[in-house]
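Below: one structure, written as structure tokens.
Bear in mind that the values here come from a model prediction, so they are computed numbers and not experimental data. Residue numbers begin at 1 in each chain, while the letters A, B, ... track the order of the sequences.
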Protein chains: 2
Amino acid sequence: MLRGDITVAIRNAVMNELAEVGYGRLSIEAVARRAGVGKTAIYRRWSNKLEMVMEIISDVAERKVPLPDTGSFSGDLSLLLLIVSTALRHRMASQIIPDLMAEAARNPQIAETLQRALRTHQQAVGEKLIGQAVARGELPAGTDPEVAVDLILGPLYWRLAVARQPIEDDYLEKFTVAVTAALRAMG
Amino acid sequence: MLRGDITVAIRNAVMNELAEVGYGRLSIEAVARRAGVGKTAIYRRWSNKLEMVMEIISDVAERKVPLPDTGSFSGDLSLLLLIVSTALRHRMASQIIPDLMAEAARNPQIAETLQRALRTHQQAVGEKLIGQAVARGELPAGTDPEVAVDLILGPLYWRLAVARQPIEDDYLEKFTVAVTAALRAMG
DNA sequence: CTACGACGTAACGGTTGCGTTCCGCCGTTT
DNA sequence: AAACGGCGGAACGCAACCGTTACGTCGTAG
């Protein structure tokens with residue numbers, strides 16, 4: 001019954017509005033305005049702001065990202081770092097994610113949705129990456145995927161999304177070497 | 001002329017309000033209510049919300065933290081990790097910092113204030129910690145303090161403030177070993 | 001003792017957003 | 001041809017907050 005093009009327009013408007021003003025200041029009226037749509041069209045689909053945002057965010061978050069398999073751990077790692085650092089440079093990630101993370105500290109429902117998406121992602125990446133490396137004998141058998149993911153994603157997120165400092169040409173290279181050494185030492 | 005105890009009450013109210021509802025939803029009226037103070041008392045001190053929050057935050061951010069000097073790099077590192085991880089467990093840090101960081105993505109003035117505080121802190125910690133280790137011969141001479149700081153603070157911030165997962169007993173130990181190896185390899 | 005000024009309270013007009021309702025339009029279904 | 005239902009638009013009453021103002025109280029400085 002509901003028109004699909006209208007739904008798409010609303011979803012886009014929500015994402016853009018989220019990026020521009022954040023969840024806290026996002027208003028249904030602004031979304032309607034931006035989507036070129038009546039408020040009624042929105043309330044016909046969701047009953048309030050939280051429900052609307054959660055449904056839209058969940059959809060986006062559940063899109064799966066292809067995991068690297070280049071044949072060597074350092075290759076996998078380089079590629080992963082490249083993918084993540086590229087993603088974190090886009091507005092979608094660099095604005096919306098920190099905003100929702102901050103919001104999650106107050107709203108259990110947002111927290112749960114985000115954590116699930118995040119943890120699933122992390123686990124998948126960590127287990128595949130580390131599992132492959134261990135199978136190849138490049139990392140010791142006891143390597144903890146969880147700690148490994150922290151070591152890999154943490155610094156990138158910190159630098160790009162928190163400190164918001166640029167990444168120079170050789171940074172990812174240096175970083176790959178460092179992380180490899182760290183994981184070998186930790187086993 | 002302005003009464004000091006009132007100013008203190010307002011500052012506390014702002015910090016608590018920031019932690020609870022975040023910058024976006026912080027209202028002057030709520031601050032006044034919480035501080036048990038009239039709005040006039042606030043407007044007599046600051047002309048608007050942004051100015052008020054920035055001044056208060058700047059003050060807090062500029063408080064200097066004593067840097068470790070335990071005599072060895074791994075000792076320094078362990079202590080630093082302990083200090084940071086403890087700080088990040090408190091509401092003040094785990095709620096307010098991500099919130100302001102997200103806000104900074106939109107408000108250049110907030111961004112600048114936070115970046116200055118952050119960068120100053122980072123540089124001080126990085127240069128002292130790495131400098132000491134290099135002087136002792138524990139790290140190679142070319143070690144980049146900036147990358148080192150990313151490697152140290154990034155994973156902790158990620159785990160505690162983003163992923164919001166607990167830190168187990170041996171995590172910091174493992175982590176210390178890993179980071180040490182990473183820095184040695186990177187030189 | 002007086003004057004000053006910071007204080008809390010209360011009210012102001014104006015803005016924004018909520019969630020709801022009613023309307024007339026128009027494309028689809030039957 | 002008629003009925004249905006999603007659509008945009010407009011307005012509703014309600015609530016919160018903005019930044020400002022007027023007023024009366026009270027502690028302190030002169």
Side-chain angles (χ1 to χ4, degrees), chain A residues 1-57 59 95-96 99-100 102-110, chain B residues 1-57 59 95-96 99-100 102-103 106-110:
Chain A
M1 315 176 180
L2 300 170
R3 271 174 54 185
D5 56 335
I6 302 275
T7 305
V8 170
I10 297 175
R11 300 181 102 91
N12 290 338
V14 167
M15 293 304 284
N16 285 320
E17 207 62 22
L18 269 184
E20 272 186 28
V21 305
Y23 179 83
R25 280 195 275 263
L26 179 139
S27 76
I28 302 279
E29 309 218 339
V31 170
R33 236 175 288 142
R34 168 166 237 146
V37 145
K39 275 201 294 181
T40 41
I42 295 179
Y43 280 108
R44 212 168 282 125
R45 288 167 173 77
W46 303 278
S47 65
N48 55 50
K49 167 171 136 181
L50 177 60
E51 192 184 303
M52 174 181 73
V53 171
M54 295 312 295
E55 203 247 53
I56 293 175
I57 288 295
D59 265 28
Q95 307 244 22
I96 295 183
D99 181 81
L100 289 180
E103 201 60 35
R106 275 167 225 116
N107 188 320
Q109 199 171 339
I110 294 183
Chain B
M1 312 179 179
L2 299 170
R3 272 173 54 185
D5 56 334
I6 303 276
T7 305
V8 169
I10 297 175
R11 301 179 101 90
N12 291 338
V14 167
M15 294 305 284
N16 284 321
E17 206 64 19
L18 269 184
E20 270 185 30
V21 304
Y23 178 84
R25 281 195 274 261
L26 179 138
S27 78
I28 301 279
E29 306 218 340
V31 170
R33 243 183 333 246
R34 168 165 239 148
V37 144
K39 275 201 292 181
T40 43
I42 296 179
Y43 280 109
R44 212 168 282 126
R45 289 167 172 76
W46 304 279
S47 64
N48 54 52
K49 166 172 137 179
L50 177 60
E51 193 184 303
M52 174 181 74
V53 172
M54 294 312 295
E55 204 246 53
I56 293 176
I57 288 296
D59 264 28
Q95 307 245 24
I96 296 183
D99 181 81
L100 290 180
E103 201 60 36
R106 277 167 222 117
N107 187 320
Q109 198 171 338
I110 294 184

Item to check | Integer-rounded Å distance: C:dG8 C1' and B:I42 CD1 | outcome: 12 Å
Next on the checklist: Looking only at the side chain of B:I6 (C-beta and beyond, no hydrogens), which of the listed nucleotides D:dC18, C:dC18, C:dC7 gets closest?
Outcome noted: C:dC7
Checklist entry - If only atom types and distance count, is the side chain of B:D99 paired as donor or acceptor with the main-chain N or O of B:A19 below 3.5 Å? => result no
Item to check | Whole-Å distance separating the CH2 atom of A:W46 from the C1' atom of D:dG6 | outcome: 14 Å
Next on the checklist: Quick check for you: among D:dG6, C:dC22, C:dC7, whose closest atom lies nearest to any side-chain atom of A:T40?
Outcome noted: C:dC22
Checklist entry - Starting at CD of B:E29 and ending at C1' of C:dT9, how long is that distance when rounded to a whole Å? => result 13 Å
Next on the checklist: Nearest to the side chain of A:R3, heavy atoms from C-beta on, is which of D:dG6, C:dG8, C:dA6?
Outcome noted: D:dG6
Checklist outcome for this item: By nearest-nucleotide position on DNA chain C, the 5'-leaning member of A:Y43 and B:G36 is B:G36
Next on the checklist: Of the listed nucleotides (C:dG17, D:dG8, D:dG6), which one gets closest to any side-chain atom of A:M1?
Outcome noted: D:dG6
Next on the checklist: Can you tell me if B:R33 touches the phosphate of C:dT9, counting only side-chain N or O atoms and a distance under 4.0 Å to OP1 or OP2?
Outcome noted: no
Checklist outcome for this item: Side-chain contact check for A:S27: nearest option of C:dG17, D:dG8, C:dG8 is C:dG17
Item to check | Whole-Å gap separating P (D:dG8) and CZ (A:R45) | outcome: 8 Å
Item to check | Charged N-O contact under 4.0 Å between A:R11 and A:E55 | outcome: yes
Item to check | Backbone of B:R3 reached by a side-chain donor or acceptor of B:T7 within 3.5 Å | outcome: yes
Checklist entry - Is there a side chain to side chain contact (heavy atoms under 4.5 Å, CB included) between A:M15 and A:I57 once you walk through the steps? => result CA-CA 8 Å; A:M15 293 304 284; A:I57 288 295; 4.2 Å; yes
Next on the checklist: So A:R25, base contact, sugar-phosphate only, or nothing? Heavy-atom distance under 4.0 Å.
Outcome noted: nothing
Next on the checklist: Side chain of B:L2, heavy atoms from C-beta onward: which of C:dC7, D:dG19, C:dG19 has the nearest atom to it?
Outcome noted: C:dC7
Checklist entry - Between D:dA15 atom P and A:I28 atom CD1, what is the distance in whole Å? => result 20 Å
Next on the checklist: Output the rounded distance in Å from CZ (B:R44) to C1' (C:dT9).
Outcome noted: 12 Å
Checklist entry - Atom NZ of A:K49 to atom C1' of C:dT20: distance rounded to whole Å? => result 19 Å
Item to check | N/O donor-acceptor pair under 3.5 Å between A:R106 side chain and B:E20 backbone | outcome: yes
Checklist outcome for this item: Atom CG of B:L50 and atom C1' of D:dC18 are separated, to the nearest Å, by 15 Å
Next on the checklist: With a 3.5 Å cut-off and heavy atoms only, can you find an N or O donor on one side and an acceptor on the other between the side chain of A:K39 and the base of D:dG9?
Outcome noted: no
